[in-house]
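Reading through the structure tokens given below for one structure.
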There are 2 protein chains.
Amino acid sequence: MTRTALTAAAVVADAAALADEAGFETVSLSAVARRLGVRTPSLYSHVRDLEALLDGVAALALAELAGRVAAAIAGRAGRAALEGYAAAYRSYARESPGRWQSMQRRAGDAVVRSDAARETVALTGAVLRGYPVPEDEHVHAIRLLGSTINGFLALERIGGFDHSEPSSEESWSRTVDALDALLRAWPADPRHRKAQP
Amino acid sequence: MTRTALTAAAVVADAAALADEAGFETVSLSAVARRLGVRTPSLYSHVRDLEALLDGVAALALAELAGRVAAAIAGRAGRAALEGYAAAYRSYARESPGRWQSMQRRAGDAVVRSDAARETVALTGAVLRGYPVPEDEHVHAIRLLGSTINGFLALERIGGFDHSEPSSEESWSRTVDALDALLRAWPADPRHRKAQP
DNA sequence: CTGACCAACCTACACCCATTAGGCAGATGC
DNA sequence: GCATCTGCCTAATGGGTGTAGGTTGGTCAG
């Protein structure tokens, strides 16, 4: 327990480290204070309350993830971009489970409006560029990508795949295959029978 | 606050009701004790600890959900079954948000080994029966269905779709369309180039 | 009928958490 | 030097989890 110069960023970074080491649910103001060698009320000079601290961890995680996704899809298109994208998500969730879990809660405004949040949406859109998904369907496809990937990681994390064969590794590969196939043949919207120009 | 005869089932039912009314995160032994008109330590005659209570809520929720899914897919096949299945999940999550959230944590053995858990897997398998998914791919498809649907509901719940158009209702429809299309044309596994009989 | 036992409630308590209020000391600016 | 501000502290309040031990009422066996 070394005495770090206390700043908001240092407090958030320590909370993030604790989340990854011991689980997001273990992050409390008192635990972080102990690790930083100060008394709990001292943290209120740097974070508004527990909620703000947890939002801080989410914002940090989102920024880190965005960076990794950007690197993973750089110079790639179509399936290669999709694979890089999906792999970046999964490796992040596995290497930083606590950070990843911080992003699974309803986020405060600071997180929602962050550059990282915008960048993440843009990166998903970039993956879509290599697929013949109609422009007006992009949001649906982005949401489906997010849902499937995050849903898989969430079920994996809570042990949803622990009780049956085959390995979740294999299902992950098949899931990426399935997403690729789906984006290559995105179904037309049966509710929009517009005359085509 | 009426004095219900205390049983394990009554304690779990009250916790489930509280979860739906005020959010899963508000469920505590002390809150449930207050609602039942007893002192907190009295609950330990009926539930082992808080963790067991939360598992009890999850088991109750899983059984309820299984019942609703079973009713929704009864006598249906293919797309109609898929729609019923997906709709049952979503309506349950929306009508009983706290109960639904209880199922998003790593569950204890009692939940994992419950009849309801087994039934849920079987029901998903039943939906698949109306699609040309190879038998050896069933687990992957079941996991992808679960991931996508739960992932969508989770993102919707935390407001992931609140900040952009179109409505999540529309994306939900498109997601079910996409899942239907995917199951109708489930991609072959490129890693299994076996000689075919 | 009586005594032993058990279940289910209670109080008391220890420890933990989040947060507020107010105090103190050091640094900074006038 | 004095006033102000910042960032730490202690004290306090109110909430939570769970254990230990006590009490009461019901049941059963002798």
Side-chain angles (χ1 to χ4, degrees), chain A residues 1-60 98 101-102 105-111, chain B residues 1-60 98 101-102 105-111:
Chain A
M1 178 175 59
T2 57
R3 195 70 179 258
T4 305
L6 264 200
T7 62
V11 175
V12 168
D14 195 79
L18 173 60
D20 286 343
E21 288 161 30
F24 184 65
E25 70 283 350
T26 66
V27 177
S28 63
L29 283 170
S30 46
V32 172
R34 249 183 327 261
R35 289 165 58 102
L36 294 174
V38 297
R39 316 308 289 171
T40 306
S42 307
L43 295 187
Y44 290 91
S45 301
H46 304 280
V47 293
R48 196 186 65 243
D49 57 13
L50 176 62
E51 193 70 24
L53 175 64
L54 301 181
D55 272 359
V57 175
L60 173 76
Q101 215 187 336
S102 76
R105 33 192 297 285
R106 180 177 289 276
D109 268 4
V111 182
Chain B
M1 179 177 57
T2 57
R3 193 69 179 258
T4 306
L6 264 200
T7 62
V11 175
V12 168
D14 196 78
L18 173 60
D20 285 343
E21 288 162 29
F24 184 66
E25 70 285 350
T26 67
V27 177
S28 63
L29 282 169
S30 45
V32 171
R34 252 185 322 266
R35 289 165 59 101
L36 293 175
V38 298
R39 315 310 287 169
T40 306
S42 308
L43 295 187
Y44 291 90
S45 301
H46 304 279
V47 292
R48 194 186 67 244
D49 56 14
L50 177 61
E51 193 71 23
L53 175 64
L54 301 181
D55 272 359
V57 175
L60 171 75
Q101 215 187 336
S102 76
R105 32 192 300 284
R106 181 176 289 274
D109 267 6
V111 181

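Order of the sequence lines sets the chain letters (A, B, ...), proteins ahead of strands, with each chain counted from 1.
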Separation of B/T40 OG1 from B/L29 CG (nearest 0.5 Å): 7.0 Å
State, to 0.1 Å, how close A/F24 and A/S102 come at their nearest heavy-atom pair, and which atoms those are. CE1-CB, 3.4 Å
Five pairs per end, C1' atoms only: what is the angle between the end axes of the helix from C/dC1-D/dG30 to C/dC30-D/dG1, to 10 degrees? 10°
Quick one: OG on A/S45 to CG on A/L6, what's the gap to the nearest 0.5 Å? 8.0 Å
Which atom pair, heavy atoms only, marks the closest approach of A/L60 to A/A16? CD2-CB, 3.5 Å
Residues forming a side-chain contact (heavy atoms from CB on, under 4.5 Å) with A/A15, sequence neighbours excluded: A/V27, A/V32, A/L53, A/V57
Rounded distance in Å - NE2 (B/H46) to C1' (C/dC9): 8 Å
Rounded to whole angstrom units, what separation is found between the OH atom of A/Y44 and the P atom of D/dA11? 18 Å
Does any pair with a residue in residues 11-28 of chain B pass salt bridge (charged side-chain N to carboxylate O under 4.0 Å, His left out), and if so which ones, sequence neighbours excluded? B/D14-B/R35, B/D20-B/R99, B/E21-B/R35
Applied to residues 38-52 of chain B, the salt bridge (charged side-chain N to carboxylate O under 4.0 Å, His left out) test, sequence neighbours excluded, yields B/E51-B/R105
What is the distance from CZ of B/R35 to P of D/dG16, rounded to the nearest Å? 13 Å
Checking B/A22 now: which residues fulfil side-chain contact (heavy atoms from CB on, under 4.5 Å) with it, not counting sequence neighbours? B/L18, B/T26
One should read off an interatomic distance between B/D55 CG and B/L50 CG, to the nearest 0.5 angstrom, of 10.0 Å
Just to verify, what does A/A13 make a side-chain contact (heavy atoms from CB on, under 4.5 Å) with, not counting sequence neighbours? none
Rounded to the nearest angstrom, tell me the gap between atom CZ in A/R48 and atom P in C/dA18. 15 Å
Calculate the interatomic distance between B/L43 atom CG and C/dA7 atom C1'; express it in whole Å. 15 Å
Minimum heavy-atom separation for A/A58 to A/V111, with atom names? CB-CG2, 4.3 Å
Which letter, B, S or -, goes with each nucleotide of nucleotides 11-17 of chain C from 5' to 3', with contact meaning a protein heavy atom under 4.0 Å? BB----S
Counting only non-hydrogen atoms, which of residues 11-22 of chain B are less than 4.0 Å from DNA chain C? none
Do any N or O atoms of the protein come closer than 3.5 Å to N or O atoms of nucleotides 23-25 of chain C, and which pairs are they?
none

Sequence neighbours excluded, which residues qualify as side chain to side chain donor-acceptor pair (under 3.5 Å) partners of A/S30? A/S28
